[in-house]
Structures are given as C-alpha cells and as structure tokens.
Trainee: 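Before I ask anything, let me first share the structure, which is written out below as structure tokens.
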There are 2 protein chains.
Amino acid sequence: MRKCGRARYSRAVAVTLKDVARRAGVSPRTVSNVVNGHGPIAPATRSRVEDAITDLGYRPNVLARTLRTGRTGIIALAIPELDVPYFAELARFVVEEAEALGYRVMLEQTDGRVAREREQLRSGPAPLFDGLIFSPISLHGSDIHRLAARSPVVLLGERSDDGLCDHVMIDNVGAARDATAHLIASGRRRVAAIGDQPHVTARMRTAGYSAALADAGIAFDPELLVGARRFHRADGATAMRGLLAGGEPPDAVFCFNDLLALGAMRVILGAGLRVPEDIAVVGFDDIEDGQYATPSLTTVAPDKRFIAREAVRRLVARIADPGLAPQEVEAPYELVVRESSGG
Amino acid sequence: MRKCGRARYSRAVAVTLKDVARRAGVSPRTVSNVVNGHGPIAPATRSRVEDAITDLGYRPNVLARTLRTGRTGIIALAIPELDVPYFAELARFVVEEAEALGYRVMLEQTDGRVAREREQLRSGPAPLFDGLIFSPISLHGSDIHRLAARSPVVLLGERSDDGLCDHVMIDNVGAARDATAHLIASGRRRVAAIGDQPHVTARMRTAGYSAALADAGIAFDPELLVGARRFHRADGATAMRGLLAGGEPPDAVFCFNDLLALGAMRVILGAGLRVPEDIAVVGFDDIEDGQYATPSLTTVAPDKRFIAREAVRRLVARIADPGLAPQEVEAPYELVVRESSGG
DNA sequence: CTGTTAGCGCATTCAC
DNA sequence: GTGAATGCGCTAACAG
C-alpha cells in the first residue's frame, strides 16, 4: 500500500494528445493522424499541430497506444545468463538487428532454472511484448509449443522435435565432429571431451565427438568424456583437473564451449604443461576472450550475426503474420584455428 | 501499413477481468480486489472468483493496469555495452536485486553514443518503466538532471557535480592510486598506465595514477601514459604495442580496466616477455576472465553486488517517494593481488 | 463487504 | 480532410 509515487513527476509527463489538439485548435483525431502519418492532412494544419507538439513537448504514451493497437514495438530476448559472453555477444547483435527494424529489445535472464523459464512461458510475451526470442535450457517440446501457440516465438538452439516453431540453430553434431576431427588430423590420438550433459545441445556435441572418433577408427574411451555441471570456466577447470589426475593424460581436449576451454587451459598451464605441445585445446562459440588468451583459442565460430538477424526477422515476420508456417533455419559456422591447437 | 498481426493469438489472450466477473457472478471490482488482495473478501466469494480465474485461465493485462496505476513494475538498466563483462556481471546482480524487490529489469544498450543516451534522456523511463538505472558515458550535468527531474533515476559511475541525483560510485582516484602504489611497492619504477580518456572515470583513474607516482617521488613521464579509444581488449593491445615499440619499455602497467589489461598482456606475452617478471600488469573491474587468465590478473575489485543492491534500493525508494533527498553512496573496492603482479 | 461508475491516453468507427 | 464518440482492460472513488 505504497503512495502513488508519481506525484513529483506526473505533471511534467502529462502532456496528452488531447492537450496538443486543444492547443492546435484541432481534434484529437487529427493530431493522431499527424503523429502516425495516416490520412492526408492540410499542410497548414499539419504544421500547426507539429508546432503544438514541440511547444508542449508531447510524446505519445506507448502504453495507451498499445492498449489500443495491441502492439508495443518491443520484443523480449530470454537468455540463460547475461554474463556468459556468448549470450552477451549474441544479445548485442539481436539488439542491433531489432533496432534496424524499429523494435526495442527487453532482455530477460532465465538462469536456466526451470521455474524461471516456465514463468516466461506462462506469462508469455503478451501483452508487454510483441514477441519473444527464447533460448531454452530446461524446457522443451510440449511446454514450448504451448507458448508458441499463444504468441509469436522464435527459438534459439536445438531443433524442436516436430517443427511446430520457428527455429534458428547450428549443426551441433557436424561442428563438434569437425572440431574433433581437426584435433585428430593434427596427430592427436587421446582426444578428451569436456561438457557432457543431459541437455540436447551437449548431447549433440557428444555425438559429433564420438562420430569423429569412429571416423578415425579410434576407440571411444569413456574416461575421456567428462561431464560439466554448467558451461563456466570453473567447470572446465574442475574437469581438466580430473583428467590430469587420472591415469594417462589426454593429448587433446575438445571443450563444448570456450569458457570450459579457458578454464581447462588455465589448469593445463598451471600444471606446467604446454598448450598445444602437450595438450591441444579446442573450444566452441568464438567469444572474444579466446582471441586474446595466451595461447589464443581454436574454436568453432557460429555466425552470431546471422543467428541474430534471422531470429529477429522471423519473429518480426511472424508478428506481422501469425499464420506463417514455422521454419527452421540453420546458421553457418566455421572452425577458427588458432594457437591452442597449433594454428 | 502492416496487418494487425494478433489475429491468430488474440482470442486465446482475450480473457478479461469482466469475463471473470460475469462467470463468478460478481462485479469487476470484486475480482480486482481478489487479484490484488485488497479489501477483505467473503471466503465464499473469493473461492468462486478464484475458480472462475483458473477455469478461464485469466491473467491480468499488465498494460491496462499500468495505464491506470501509472506503475509497470519494470525498471530499466541502461548500460553502454552488454558484451563488456563488467557490465554483464553488474547487470546480473541488478536483475537479481530487482527481482528480490518484485521488479523486472529491462536492459538497454546505449553503446556510449551520445545520440543514444540522449534519446534515453528525452524519452525517459516513463511510462514504460517506473525508473531508470543509468550508467552514462557521454552525458553529464544538466542533461542528466533534466532527466532526473522528470522521473526516478539512479546514476552509476561518477559523482555528479552537485548532488542533484542519486548516485552509486566507487572512489576511482583512491582505487587507481592503490593499484599504482601496489606496483611501485613491488619494486617497479617505470609504471605505465593505459586508458587515459577525456571521460570523467578515466580522468579520475589518471589522477590516482599520478598521485601514486608523486607519493613515491617518481617523476611523471608523459610517454608512459597511453590513451585508449574504448576500453576493449583490442585497445589495450594497441596501446601496449606502442609502449613496447617506444624507447625504454615499462616494467609495469596499470590498465584502467581488465579488458585493456588482458589485451596488453597478450601483447607482452606474444613479444616473448614474461608477466610479471619483465612487466607486471594490474587491471580494474575484477571480471571473471582475469581469474582464469595465465597469468591470473591482479585487479581492483569494486563490490558489484553492493553497487547493484544500492542502486536498486535507492531507485525503488525514490519510486515510492519521489521527494526523497538525493544521496551519493560510495561502494567499497579492494585490490585483488594475483599472479600478473607477482602475487 | 460488494456493485456502479468513471476515466487512464490513445486509435478509430462513424458522420460531416 | 476533420470532428465527435466509443472502448481497449483495468483500478479507484463513491455509494450502498
């Protein structure tokens, strides 16, 4: 039961369309037309209205307009963690692309917690946002489709089972396979992988890793596949310590993201081993950290700009026409070879 | 001239308070009371209303409520760049603190561009947000006060000249002085600084650097103070290359943020020099990258949690009571000594 | 304790 | 080309 709290500010803000109309000696309707560029308007009237607008410092009330039109001009971007560089970099592109199309972006951090994601779901973007770009961690299938059935949604990440929803992703199996194959091609035989998880993305990267091993006729050694609770530097460090503490150490490590790789590299270097001479390291995501690490990090670079642009465009298209058939688009990626694998 | 675009979804969303009232056989007023927990309500009525709500899947329309109450429950956080780790980490804390107080956070990226920041200003948070936490780069003084006079604002960063606005900052001069003094105390004599800029924050750090030099009776050498266009890794690398290309190289570098330091360190290491043996490095911000770099980075660690909490609390207090006297609060910091300075 | 009523600021359907 | 009236969904006076 707080005070209203707008007392001190409300007067300054309360310039309404009606005020402008009175000032310009026209009807609200006309002002609205001028503001939104609708009907043809007599030049004299127009300039009178425009003068009134600047004189009064009128700005349309987004809220009221939305209540009327049902559109806010804002899209939401729900990502697991703001301080994971991959998402931060992606977010930046999304903001840029959305702005180019006249939308503002509201960022939401889900933390990958099911509850938080589910809440996203329940409430959905409407009516505060026109649509949602969602990078789910814990949620899948039916949950998501229920959301998508109610409001415009574009998913980032794994392919949905049945294509009921717009989707932008990369070929995780292929990318992981390429990364591992690169390591093998440079003469490594004991290639470890860090980042195994129940989550789909991780599973696909594990699959790619195994496939590359099989391609090269190298037997899969379960001891070399290490899990990670999350995809942070600390998890990579922990996993690497385990690998080093075991019997015969690996001569290469493929990490499921750059943060894991950076953590692992720190442990390798800290143990007095050399990268890439003793152990080569490859990451995934191509975050800026990796470029400036010593040694610089070889990594799989998904085309983030492409992902962002495609996601925003599909979402905006769907907002305009909800009947659009859902589409899955695959973003390109490339393997960037740097020092950590002997580049 | 787009289609309305909500056709496919609108029906699913259109459960209004009035529908619930009709269904429960009560007036809208009563439903509103139940939803907002206002007046005391007869248990029987309450449960009837609640049943109707779940049956119909009613969810209050935030927009309409806002139009009425003038409060959205959302605060905006405007930061220069999402993919600068310091801001990303800070943003995370702000989100957490705001959520604890029942607010959602909308993130806005200003890019440090004057135009963008000015736009922030012009539009201000209202009516979409209840308040704004703003980390300005290009804007200052009168601009900001004009904004603050119109709506609840808390500033992050430098002290405003006249205390007209809530403010959370750290003692940049003191921190820079400590960092430089630490380098000098470890026996360094040619201490360089990277990050000089016209911006207030940078100027204060330069002042702290000079002060530490003076304290130790070391003459200020203008060649050792290097500017940086932005505070990114690339700028640190460029600056360091210049320093190395010059005459006598420094034996220590104080960088105005960790990104600069990481960039500089990469160049030092790439030139075959050792850190800290040949050149010690100290950064500023204590981002996670620095902990996992090799060598790990000595840095000034501002208490980000404190900054976020204080900013959110002050803002929420001001939203509740706009008449509150503006306050400046200084967040603590500490020097974290790691390997890059011989820790 | 609950029903009735009146807007919040805007876009828009009708008339003129 | 422009004016008057209506309602988006909700909350808050004001009754009763």
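As the structure is a prediction and not an experimental result, all values here were calculated from the model. So that the names make sense, note that chain A is the first sequence line, chain B the second, and so on, each numbered from 1.
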Trainee: Expressed in angstrom and rounded to an integer, what is the separation of B:I41 atom CD1 from C:dG3 atom P?
Mentor: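 Taking CD1 of B:I41 and P of C:dG3, I get 10 Å after rounding.
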
Trainee: Looking at A:R65, is its backbone amide N or carbonyl O close enough to the side chain of A:T69 to form a donor-acceptor pair, meaning the two atoms are under 3.5 Å apart?
Mentor: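 Yes: the side chain of A:T69 pairs with the backbone of A:R65.
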
Trainee: Taking only N and O in the side chain of B:T45, is any of them less than 4.0 Å away from OP1 or OP2 of C:dT2?
Mentor: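 It does, given that an N or O in the side chain of B:T45 lies less than 4.0 Å from OP1 or OP2 of C:dT2.
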
Trainee: For D:dT11, does OP1 or OP2 lie under 4.0 Å from any side-chain N or O of B:N36?
Mentor: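 Yes.
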
Trainee: In sequence, state the C-alpha distance, the side-chain angles, and the governing distance for A:Y103 and A:I319, and then conclude on side chain to side chain contact (heavy atoms under 4.5 Å, CB included).
Mentor: CA-CA 12 Å; A:Y103 279 85; A:I319 290 168; 3.9 Å; yes

Trainee: Check this one for me: any side-chain N or O of A:S32 less than 4.0 Å away from OP1 or OP2 of C:dA11?
Mentor: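 True: A:S32 side-chain N/O within range (under 4.0 Å) of C:dA11 OP1/OP2.
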
Trainee: Please confirm whether any donor atom in the side chain of A:R29 sits under 3.5 Å from an acceptor in the base of C:dT13, or the reverse.
Mentor: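 Under the 3.5 Å cut-off, the side chain and the base do form a donor-acceptor pair.
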
Trainee: So, is A:S27 close to the D:dG3 phosphate, meaning a side-chain N or O under 4.0 Å from OP1 or OP2?
Mentor: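 Checking A:S27 against D:dG3: at least one side-chain N or O falls below 4.0 Å of OP1 or OP2.
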
Trainee: Looking at A:N36 and A:H38, would you say the former's side chain and the latter's main chain have a donor-acceptor pair under 3.5 Å?
Mentor: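 It does not hold such a pair.
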
Trainee: When the distance from NE2 of B:H38 to P of D:dA13 is rounded to whole Å, what number comes out?
Mentor: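 Roughly 10 Å, once rounded to whole Å.
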
Trainee: A:P28 near the nucleic acid: base, sugar-phosphate alone, or nothing, with a heavy-atom cut-off under 4.0 Å?
Mentor: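 Answer is nothing: A:P28 stays at 4.0 Å or more from every strand.
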
Trainee: Nearest to the B:Y58 side chain among D:dC10, C:dC10, D:dG9, which nucleotide is it?
Mentor: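 So the side chain of B:Y58 is nearest to D:dC10.
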
Trainee: Given atom CZ of B:R65 and atom P of C:dG9, what is their separation to the nearest angstrom?
Mentor: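 Taking atom P of C:dG9 as the reference, CZ of B:R65 is at 18 Å.
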
Trainee: Side-chain N or O of A:T30 versus OP1/OP2 of D:dG3: is the shortest distance under 4.0 Å?
Mentor: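 Checking D:dG3 against A:T30, a side-chain N or O does come within under 4.0 Å of OP1 or OP2.
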
Trainee: Of B:N61 and A:N33, whose nearest nucleotide on DNA chain D comes first from the 5' end?
Mentor: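 Nearest-nucleotide comparison on DNA chain D picks A:N33.
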
Trainee: Select base, sugar-phosphate, or nothing to describe what A:L67 touches, counting heavy atoms under 4.0 Å on all strands.
Mentor: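 Here A:L67 touches the bases of the nucleic acid.
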
Trainee: Whole-Å distance between D:dC10 P and B:R59 CZ?
Mentor: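 The distance from CZ of B:R59 to P of D:dC10 comes to 10 Å, rounded to the nearest Å.
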
Trainee: Distance check needed: C:dT4 P versus B:R22 CZ, whole Å only.
Mentor: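 Atom CZ in B:R22 sits about 13 Å away from atom P in C:dT4.
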
Trainee: Just how far, in rounded Å, is C1' of D:dT11 from NZ of B:K18?
Mentor: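 In whole Å, D:dT11 C1' lies 13 Å from B:K18 NZ.
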
Trainee: Start at the 5' end of DNA chain C and walk down; is the nucleotide closest to B:R68 or to B:A42 reached first?
Mentor: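 Between the two, 5'-proximity favours B:A42.
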
Trainee: Main chain of A:T72, side chain of A:D130: is a donor-acceptor contact present, judged purely on distance under 3.5 Å?
Mentor: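 A pair under 3.5 Å: yes.
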
Trainee: In whole angstroms, how far is the C1' atom of D:dT2 from the CZ atom of A:R48?
Mentor: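 Whole-Å distance recorded here is 11 Å.
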
Trainee: Taking CG from B:D19 and C1' from D:dC8, how many angstroms apart are they, rounded to a whole number?
Mentor: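 After rounding, the reported distance stands at 13 Å.
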
Trainee: Would A:R92 and A:E96 count as a salt bridge (charged side-chain N to carboxylate O under 4.0 Å, His left out) if you check the C-alpha gap in whole Å, the side-chain angles of each, and the deciding distance to 0.1 Å?
Mentor: CA-CA 6 Å; A:R92 183 186 188 97; A:E96 286 177 14; 3.5 Å; yes

